[in-house]
Amino acid sequence: MTHSTSTRPTAIHVVWDWNGTLRDDLDDHVAALNATLPALGGTPVSRETYRAEHRVPIPRFYEALLGRPISEAEWQTSDAAFLDALAKRPVRLRTGARQLMLRLRARGLGQSLLSLAPHDVLVREVAQAGIGGLLTRVDGRTSTSGGTKGMALAAHLQALGDHIDPARTLVIGDSLDDAAAARAVGAYPVLHTGGLHCAERLTVPGVPLVHTLDDAVASGIAALTHQQLTAAA
């Protein structure tokens, strides 16, 4: 049987997460959190506790650590203090991330960045990291804090344009929220274990879990290529 090849497959597009993924900032987050918890009556936490309890929406994370609900006023004050402490830490990319992004660009893959970090902060940090030229779009949070990524990812893909096919989009992150957002829009998620969440809390059926960003890219591209070949068969 002969199959038509008149329609070229849509190129794969990669949507990166920032904190805990491209930015290597677990220790920065732990330090910033420990600078804010005492004001809420909490005590400093270890890296292990941070990763074991971290969750989205972030107010639920604070409640898990404190063992009590927090008010909206407490959340807003704590979030502002956390972001202020985090802003004092230098921006460090994960080892090999820039080189990986350069290789993806050389292969013709588009790349963009979506984060729940405040948009102005995100743009500044991306510029400091020197990767802005490798990204077709950078979107951070422009609404109130404490939400999830689902609606933001849908808006991000729409803003990228009609040439971006969600079914040919690879979302790479370090949280179950990244995976849920990808699935909601029909994109393909891959999670890595080197971020803000421990591996034990990232296991979900049908979502690859790998140890490095290189493995995340390789796994995602292989899966999307297989899907394309299967659909064309």
Side-chain angles (χ1 to χ4, degrees), residues 14-37 40 42-66 70 75 78-97 100 113-119 121-122 125-126 128-129 131 138-141 145-150 152-153 171-183 189-204 207-217 220:
V14 180
V15 178
W16 294 102
D17 173 52
W18 182 235
N19 298 112
T21 300
L22 286 178
R23 180 173 175 178
D24 186 4
D25 56 358
L26 171 59
D27 289 336
D28 300 331
H29 277 247
V30 174
L33 177 67
N34 286 338
T36 63
L37 281 177
L40 295 169
T43 57
V45 301
S46 66
R47 295 170 89 251
E48 291 72 24
T49 298
Y50 185 103
R51 298 185 81 223
E53 297 294 340
H54 193 264
R55 65 198 67 187
V56 177
I58 300 298
R60 305 292 84 79
F61 175 38
Y62 276 75
E63 291 177 350
L65 294 175
L66 296 170
I70 63 172
W75 161 242
S78 299
D79 186 47
F82 174 88
L83 292 173
D84 182 63
L86 189 62
K88 297 174 182 176
R89 312 281 291 195
V91 177
R92 301 185 309 274
L93 285 181
R94 191 168 300 281
T95 301
L100 174 59
L113 177 61
L114 175 65
S115 173
L116 294 179
H119 181 72
V121 173
L122 180 65
E125 292 179 347
V126 168
Q128 291 172 355
I131 59 171
V138 174
D139 282 324
R141 173 175 55 80
S145 61
T148 59
K149 197 176 265 187
L153 179 58
V171 175
I172 299 178
D174 71 327
S175 75
L176 294 180
D177 186 49
D178 291 309
R183 284 181 154 181
V190 178
L191 302 180
H192 73 99
T193 62
L196 305 181
H197 302 74
C198 66
E200 290 76 13
R201 298 185 62 236
L202 293 179
T203 303
V204 57
V207 178
L209 179 62
V210 299
H211 296 305
T212 69
L213 297 189
D214 284 273
D215 288 342
V217 166

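- Annotation: the span from Asp214 atom CG to Thr95 atom OG1 amounts to 11.0 Å, rounded to 0.5 Å.
- If you run salt bridge (Lys or Arg N to Asp or Glu O under 4.0 Å) between Arg92 and each of Asp25, Asp27, Asp24, Asp28, only Asp28 comes through.
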(Q) With side-chain contact (heavy atoms from CB on, under 4.5 Å) as the criterion, how do Asp177 and Leu116 come out once you've worked through the C-alpha distance, each side chain's angles and the decisive distance to 0.1 Å? (A) CA-CA 11 Å; Asp177 186 49; Leu116 294 179; 4.0 Å; yes

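- With rounding to the nearest 0.5 angstrom, the CG atom of Leu33 is 10.5 Å from the OG1 atom of Thr49.
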Q: List the steps, then state whether side-chain contact (heavy atoms from CB on, under 4.5 Å) holds for Leu22 with Leu213.
A: CA-CA 8 Å; Leu22 286 178; Leu213 297 189; 4.2 Å; yes

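- Interatomic distance, CD of Glu53 versus OH of Tyr62, reported as 14.0 Å (0.5 Å rounding).
- Between Val204 and Leu176, some side-chain heavy-atom pair lies under the 4.5 Å cut-off.
- Of all heavy-atom pairs between Leu202 and Leu191, the closest is O-CD1, 3.9 Å.
- Closest of all the heavy-atom pairs between His54 and Ile58 is NE2-CD1, 3.6 Å.
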(Q) Would Leu86 and Asp84 count as a side-chain contact (heavy atoms from CB on, under 4.5 Å) here? Give the steps. (A) CA-CA 5 Å; Leu86 189 62; Asp84 182 63; over 6 Å; no

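- No side-chain heavy atom of Leu37 sits less than 4.5 Å from a side-chain heavy atom of Thr43.
- To the nearest 0.5 Å, the span separating CG on Asp174 from CG on Leu209 amounts to 10.5 Å.
- For His119, the NE2 atom is densely surrounded, since the number of other residues' heavy atoms within 6.0 Å is greater than 12.
- One finds the CD1 atom of Ile131 at 10.5 Å from the CD atom of Glu125 (value rounded to the nearest 0.5 Å).
- For the pair Ala35 and Ala85, the tightest heavy-atom approach, listed with the atom from each and the gap, is CB-CB, 4.4 Å.
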Q: In sequence, state the C-alpha distance, the side-chain angles, and the governing distance for Thr212 and His192, and then conclude on side-chain contact (heavy atoms from CB on, under 4.5 Å).
A: CA-CA 6 Å; Thr212 69; His192 73 99; over 6 Å; no

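- Of all heavy-atom pairs spanning Ser78 and Leu40, the tightest one is OG-CD1, 3.2 Å.
- Taking the side-chain hydrogen bond (donor to acceptor under 3.5 Å, both in side chains) definition, one finds that Asp17 meets it with Thr21, Lys149, sequence neighbours left out.
- Closest approach of Ile172 to Ala216, counting heavy atoms only: CG2-CB, 3.9 Å.
- The only member of Val171, Asp139, Leu122 that meets side chain to side chain contact (heavy atoms under 4.5 Å, CB included) when paired with Leu114 is Asp139.
- Across all non-hydrogen atoms, the minimal contact from Gly173 to Asp178 is CA-OD2, 3.4 Å.
- Judged by distance alone, the side chain of Arg141 and the main-chain N or O of Ser115 form no donor-acceptor pair under 3.5 Å.
- Between the CG atom of Asn19 and the CG atom of Leu26 there is a distance of 11.0 Å, given to the nearest 0.5 Å.
- Within the 3.5 Å criterion, the main-chain N or O of Gly20 finds a donor-acceptor partner in the side chain of Arg94.
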